[in-house]
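First up is the structure itself, then whatever we jot down about it.
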Amino acid sequence: MTVAFRPAPSVVRRNSGLYGYERALTRRGLGPVAGVDEAGRGACAGPLVVAAVVLSRRIDGLNDSKLLTASRRESLYGLIMTTAEAVSVVVIPPAEIDARGLHRSNIEGMRRAVARLSGDLGYVLTDGFPVPGLPVPSLGVWKGDQVVACVAAASIVAKVTRDRMMIELDGSHPEYGFAVHKGYGTVSHRRALEAHGPCPAHRFSFATVARSRPGGVMGENEVGAGPT
């Protein structure tokens with residue numbers, strides 16, 4: 001009787017370093033590895049931005065974009081964009097979030113971002129939760145933007161891209177302060193909504209926005225006021 005050989009599974013400890021997942025997967029012949037993350041999930045205005053990144057070399061200082069200063073994010077963004085093997089960015093506008101729902105928009109954005117990457121992929125690591133329907137094997141990693149290099153890189157690309165868009169949006173709608181709070185439900189943003197009502201950049205299915213409309217009802221998509 002012939003017994004088929006099956007390699008022992010790899011074990012990656014969360015303290016194995018930021019590149020531990022990618023090293024383990026590459027050793028198993030599952031490279032290149034793409035990391036996927038989003039920015040703007042918890043905002044009540046502006047787009048949801050999803051990025052996918054395949055790194056070609058180590059980049060010192062990578063971390064969850066929310067734990068970095070704006071200037072450090074910009075510096076790392078430049079390094080990622082000039083040295084990564086592949087980068088893709090998907091922007092999902094507020095109207096699509098309202099129509100599709102926040103979580104479904106997030107899942108669809110991650111699928112699109114992976115599909116738009118150039119070159120072959122062996123594996124995909126996503127931040128936080130699994131994403132069905134990807135073209136290669138994948139894994140959702142809890143707090144992946146803090147423990148996986150390519151996911152941290154994707155979080156930085158998504159965050160910088162979205163912040164730039166919100167600063168530009170502030171030019172056409174200065175009354176809301178988008179350049180400061182980036183569309184999240186801060187006290188100043190809620191006060192601006194009460195004073196001026198929502199604009200087309202707002203997500204009308206979110207509770208903070210729905211309450212600011214005449215006869216408004218609670219929205220269904222809101223997940224919190226902090227940046228994600």
Does Y184 have R203 sitting over its ring (NZ/CZ under 6.0 Å from centre, angle to axis within 45°)?
no

From H189 NE2 over to H181 NE2, what is the distance, rounded to the nearest 0.5 angstrom?
4.5 Å

Would you please indicate yes or no on a ring centroid separation below 6.0 angstrom for H173 and H202?
no

May I have all residue pairs that pass salt bridge (Lys or Arg N to Asp or Glu O under 4.0 Å) and include part of residues 71-91, sequence neighbours excluded?
R73-D163, E74-R164

How far does OG of S212 sit from CG of L193, to the nearest 0.5 angstrom?
4.5 Å

Output all residues satisfying salt bridge (Lys or Arg N to Asp or Glu O under 4.0 Å) with D64, sequence neighbours left out; order by chain, then residue number.
K66

Could you walk me through whether S205 and D98 pass the side chain to side chain donor-acceptor pair (under 3.5 Å) test, one step at a time?
CA-CA 5 Å; S205 58; D98 288 337; 2.6 Å; yes

May I ask you to decide whether E22 forms a salt bridge with R57, counting only side-chain N to carboxylate O separations under 4.0 Å?
no

Verify side chain to side chain contact (heavy atoms under 4.5 Å, CB included) between V124 and V33, making sure each step is shown before the conclusion.
CA-CA 6 Å; V124 174; V33 181; over 6 Å; no

Check the surroundings of atom CD in E168: do more than 12 heavy atoms from other residues, nucleotides or ligands lie under 6.0 Å from it?
no

R191 with E194: basic N within carboxylate O range, under 4.0 Å
no

Say you draw a straight line from CD of E108 to CD1 of I97; how long is it, rounded to the nearest 0.5 Å?
12.5 Å

Can we call the ring centroids of H103 and F129 under 6.0 Å apart?
yes

